[in-house]
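Notes follow the structure.
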Amino acid sequence: MTKKNIICIECPQGCHITLDMEENKVMKISGNKCPKGEKYALSEIKNPTRVLATSVAAEGMPFKMLAVKTDKPIPKADLIRAMRKVKKIRVKKPVHVGEIIASNFMKPGVNLVVTREFFK
Amino acid sequence: MRERDLVIVGAGPAGMAAATAAHENGVKDILLLERDQYLGGILNQCIHTGFGHVYFKEILTGPEYAARVIEKVKSIKDIEISLRSFAVRLTGDKVLTYLKPGKMERVKAKALIMATGCRERTREMIHIAGTRPAGIFPAGLAQKLINIEGLIPGKEVVIVGSGDIGLIMARRFTFEGAKVKCVVEIEAKSKGLVRNIVQCIEDFGIPMYFKHKIAKIYGKHRVEAVDVVRVDDKFNEISGTKFEIKCDTILISVGLIPENELIEAAGCEMDRKTNSPVSKELNKTSIPGIFACGNSFKVYDVADSVSRDSAVAGRLAAEYLRGLQ
């Protein structure tokens, strides 16, 4: 029986979560103060994912940079490669919060969406 | 000179929450001043997630959180929004002077809420020895340069202090292709949220040196290197532990200072150590009818808490105005 310790990042609390493992199988999860922690812990040890939040350059717009994020988490190992893709994007027309500027970004079903509102 | 029921200085999350709460509590004449050219305050440059988990039960970025609050503020006709409006003088009898492009305005407020936020502690304030080359930025300034201006402040970064802004910027710089050499924290524990240690530092294998400080900065025109040294419990350098790190950029993330020069000049009693108003109750100052909320009242870690507490300021202002009638 081994114990894995992780810190949950789902909210500012940062619960210290302990996973009791028996030969790579999770037997027990403890330390989380809400169900999101349990979900996070399982995902983190199998296939850690992160939401990517960054900014893309604009052209011909009344702003220089547009804040964006992935609408779902992507594999943590893909973050730097995702950034190389982001840096190639140019926003050339008015967009609103929630609008998709790149679909199936890094993974099917994950979109890059606008997070800053300039036109309302 | 016009008299207004309620004047609010600052339209970041604090000022906006105070404005909507004041309105909900019956105030029908509200002037909301904002020095920038858009609403939202510091949220506009906080493009990372971590906002709204209490208020909206969602995980949002700063600008998304701001967009929701801004929509509410703009929908209330009794809130007059004045952008590019920089408050420069406040008197004890609540006369506020502010600058707009091409003019200077004076307004007499029956009640006033200051939501002016914080500025950052600088290298000079923490007395780091060495030369004064280009390339030393408070972490929040670096954040604004990258996220709003689209400029990369440097390529090899050392971060002083483990405050949240520095941790967030460790990740931001890494995303933009820079090399973050380390974070140097003088105390034994991190000052920022532990989630930021995980998602900004550990995720990228960035070294963190606790109980260390920058002994000296090198560089003539641009930062070239720093000396890092271990310190004891009294923060004195431990001899023999010094090592050099080559870098071209230093971020300073060692705390925020509430911007309260206006209420100080107006005669509010101030806490010299924190630059916050001396107060027996949330949001109140020593002058009845002058309130402070958000980071200008005390430094917050989480925007949702700012919104919650700043709504109280709006309610208090409404109560105060009713008492005047």
Side-chain angles (χ1 to χ4, degrees), chain A residues 5-17 34 36-37 40 44 48-59 61-73 75-87 90-91 96-99 113-120, chain B residues 37-40 43-54 57-71 74-75 143-152 164 168 171-172 174-177 190 192-200 202-204 300-305:
Chain A
N5 291 313
I6 61 166
I7 293 172
C8 182
I9 61 169
E10 292 288 322
C11 89
Q13 281 218 69
C15 298
H16 285 69
I17 298 180
C34 88
K36 284 201 279 186
Y40 172 81
E44 186 70 3
T49 60
R50 300 281 185 266
V51 165
L52 174 64
T54 180
S55 43
V56 304
E59 257 174 42
M61 290 281 105
F63 53 86
K64 292 173 190 153
M65 300 299 284
L66 179 68
V68 297
K69 71 173 188 190
T70 53
D71 57 3
K72 293 196 192 76
K76 187 169 99 169
D78 288 344
L79 287 174
I80 300 298
R81 200 159 55 89
M83 277 306 301
R84 282 198 283 267
K85 274 185 89 171
V86 163
K87 287 167 86 57
R90 294 288 178 272
V91 178
H96 296 282
V97 178
E99 218 174 301
V113 300
V114 175
T115 57
R116 172 106 189 249
E117 183 58 62
F118 280 102
F119 297 102
K120 280 205 188 124
Chain B
Q37 41 193 316
Y38 31 62
L39 302 169
L43 293 174
N44 290 314
Q45 65 184 67
C46 296
I47 65 167
H48 50 279
T49 56
F51 302 83
H53 107 276
V54 170
K57 305 272 184 285
E58 287 178 63
I59 307 294
L60 304 172
T61 59
E64 285 171 306
Y65 188 90
R68 301 202 183 179
V69 184
I70 288 169
E71 194 174 357
K74 281 187 172 174
S75 73
Q143 184 181 56
K144 187 167 192 175
L145 290 171
I146 296 180
N147 295 340
I148 306 290
E149 297 298 319
L151 301 169
I152 189 82
D164 280 317
I168 289 288
R171 177 175 62 181
R172 193 75 190 89
T174 305
F175 278 165
E176 292 299 338
S190 165
L193 296 170
V194 70
R195 81 191 299 210
N196 286 331
I197 296 286
V198 174
Q199 63 190 5
C200 301
E202 289 176 0
D203 270 9
F204 304 104
Y300 285 81
D301 288 333
V302 175
D304 295 62
S305 311

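To find a chain, count down the sequence lines: A is the first, B the second, and so on, and within it residues start at 1.
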Can you tell which part of B:Tyr38 gets under 4.5 Å to a heavy atom of chain A, answering side chain, backbone, both or neither? side chain
Most contact-rich option vs chain B, by heavy-atom pairs under 4.5 angstrom, among A:Ala53, A:Gly14, A:Pro12, is A:Pro12
Spacing of B:Asp203 atom CG and A:Leu79 atom CG [to the nearest 0.5 Å]: 7.5 Å
Are more than 12 heavy atoms from other residues, nucleotides or ligands located less than 6.0 Å from atom CD of B:Glu71? no
Nearest non-hydrogen partners of A:Glu117 and B:Ala67, listed with the distance: CB-CB, 4.3 Å
Honestly, the part of B:Phe204 sitting under 4.5 Å from a heavy atom of chain A is side chain
If I measure from the heavy atoms of chain A, does B:Leu193 come under 4.5 Å with its side chain, its backbone, both, or neither? side chain
OG1 (A:Thr54) and CD1 (B:Ile146) are apart, to the nearest 0.5 Å, by 9.0 Å
SG (A:Cys11) and CD1 (B:Ile59) are apart, to the nearest 0.5 Å, by 7.5 Å
Under 4.5 Å from any heavy atom of chain A - which part of B:Glu176: both
To the nearest 0.5 Å, what is the distance between CD1 (A:Ile80) and OG1 (B:Thr174)? 6.5 Å
Within residues 64-73 of chain A, residues adjacent to chain B where the heavy-atom gap is under 4.5 Å: A:Lys64, A:Met65, A:Ala67, A:Lys69
Part of A:Lys120 lying under 4.5 Å from any heavy atom of chain B: backbone
Among A:Leu52, A:Val56, A:Ile6, A:Val51, the residue with the most heavy-atom pairs under 4.5 Å to chain B is A:Leu52
Do other residues, nucleotides or ligands put more than 12 heavy atoms under 6.0 Å from B:Lys144 NZ? no
Cut-off 4.5 Å, heavy atoms of chain A, and the answer for B:Arg171 is neither
Mind listing the side-chain donor-acceptor pairs of residues 43-50 of chain B below 3.5 Å, one per line with the distance, residues two or more places apart or on another chain?
residue, atom, partner, partner atom, Å
B:Asn44, OD1, A:Arg116, NE, 3.2
B:Asn44, ND2, B:Leu39, O, 3.0
B:Asn44, ND2, B:Gly41, O, 3.4
B:Gln45, NE2, B:Gly140, O, 3.0
B:Gln45, NE2, B:Gln143, OE1, 2.9

